[in-house]
Amino acid sequence: MKLDYAKTGLEISAEMKAKALAANALLHSGEGKGNDFLGWVNLPSSITDEELSAIEAVAAKLREKCDLVICIGIGGSYLGAKAVLEAMTDPFRLLKKAQNDPTVVFAGQNISEDYIYSLMEAAEEHSIGAIVISKSGTTTEPAIAFRLIKAAIEARYGKAEAAERIVAVTDQARGALKTLATNEGYPTFVIPDNVGGRFSVLTPVGLLPLAVAGVDVRALVAGAVQMEEQTKEGIAFEENPAAIYAAVRNLLYADGKKIEILGSYEPQLQYINEWWKQLYGESEGKEGLGIFPASVTLTADLHSMGQYIQEGERTLFETIISVAAPKNKVVVEADEENLDGLNFMAGKRISEINRMAELGVQLAHVDGGVPNIRIEIPQIDEATIGGLLYFFEKACGISGYILGVNPFDQPGVEAYKKNMFALLDKPGYEEASKAIKARL
Ligand code: PA5
């Protein structure tokens, strides 16, 4: 991975370099804010062969029995698996005849009646299983989806077989899901206490659904291990891409750049953007502070958001994940009539045109006052994606500490839950119910 911030025009001061290194050291010493949730820092290198084998064994069983596995979770219990799955699998796999891997779909990340209806209707045509993921074991959205999907699996296969088709990923000891999984005899994986949801993609939260989908989770973890090594305490600032990225974004923020747009010219990385938005939004957006994380998928969004980025309010900077080489080769062919006027591109690979778009956009945006950070990965594969995930996690921890917040809590997400429970007349919310209904 290469990180290039030349197009931000910034020079990183000695003071900021020292701050970034100190923040990194704090993550490793465990003496900073939110230090109950630092299990992710050394997570990649701590994953044992036995743990991976256990994940692969349960995944193999689901792969054998099911051609559709419904993965239920929200937030950090959803976005990591979704992001890597979209990055690693053929976007048109469902249209292709040869299906060696089960299809993994997601539920519990919304409360849409039409979404769950449609999914359950489709599930009737398949041999199904489910992975239910919730660290707290009490989150409403996945709990609703799981109640419905569990009932459908039990109705179809009976309770005993359902226990062969449902796997739970949850807290070691607490929460309704843990109790339920124990009572029903589901195979269960533990989300470590000291790893928060948005940092949990390299635990069974991400690894199990990915292994079911046929993703090489060992290579994913190996890529993360390499990045853990490259960003560990004691690495010089100039050699540590996570420290550099964290420093640059904090300098840009101090300079009035309040919005960071993450983008890529590969649509398969769209959900990496979504995962990243949660990671940075929940980690830094508190105490009236924090860069607002936004995203674009290019070149599509140049035809929607491009105008704003080029000429709108100058509070933006961009971070582009640039992929050096595609997996496949497609060339623009010459056309005798040349009615579309494209013969000047004849013989060029699509990736070459995409690269010129990227370079052209970069300069246009920089000229328009949008500083640009470029993260280049050699190609999209498990190892580079594993490295990228850990890079963003490490940079997020460093960046949050530079900003001065606790990057590992999310007190703000409770507000909507209280209102929703009050509106739904949950027992215990009687006073809040009256008060909120009066406000409607
Ligand atoms: O990052 C977080 O902690 C949150 O986004 C959680 O992952 C999300 O709220 C889901 O929580 P749980 O896994 O407890 O159901």
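Order of appearance sets the numbers: ligands from 1, and atoms from 1 within every ligand. Worth saying up front: this structure is predicted, and the values here are computed from it rather than measured.
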Note: heavy atom closest to atom 4 (C) of ligand 1, options Gln278, Gln109, Lys135, belongs to Gln278
Discussion item. When you measure from the side chain of Lys65 to the backbone of Ser127, do you find a donor-acceptor pair of N or O atoms at a distance under 3.5 Å?
Written reply: no
Ligand 1 atoms nearer than 4.0 angstrom to some heavy atom of Ser134 are 12 (P), 13 (O), 14 (O), 15 (O)
Q: Before signing off on this row, confirm whether Gly196 and ligand 1 have an N or O atom pair separated by under 3.5 Å.
A: no
Closest to atom 2 (C) of ligand 1 among protein heavy atoms sits Glu282 OE1, 3.4 Å
The protein heavy atom nearest to atom 3 (O) of ligand 1 is Gly197 N, 3.6 Å
Per salt bridge (Lys or Arg N to Asp or Glu O under 4.0 Å), Arg198 is matched among Glu393, Glu284, Glu282 by Glu282
Checklist entry - Taking the side chain from Lys286 and the backbone from Asn406, do they hold a donor-acceptor pair closer than 3.5 Å? => result yes
In Tyr390, Phe408, Phe37, Trp275, the residue satisfying ring-ring contact (aromatic ring centres under 6.0 Å, His included) with Phe199 is Phe408
OH of Tyr186 to CD1 of Ile131, rounded to nearest 0.5 Å, is 13.5 Å
Counting from 1 in the order shown, the ligand 1 atoms closer than 4.0 Å to a non-hydrogen atom of Thr139 are 11 (O), 12 (P), 14 (O), 15 (O)
The closest protein heavy-atom partner of atom 8 (C) of ligand 1 is Ile74 O, 3.6 Å
Can a side-chain donor-acceptor contact be found between Ser295 and Lys277 if the only test is distance below 3.5 angstrom? yes
N/O to N/O below 3.5 Å, does that happen between Ser77 and ligand 1? yes
Candidates Ser136, Gly108, Gly76; heavy atom nearest atom 7 (O) of ligand 1 found on Gly76
### Task
Decide whether Thr8 and Arg374 meet the rule of one side-chain donor and one side-chain acceptor closer than 3.5 Å.
no
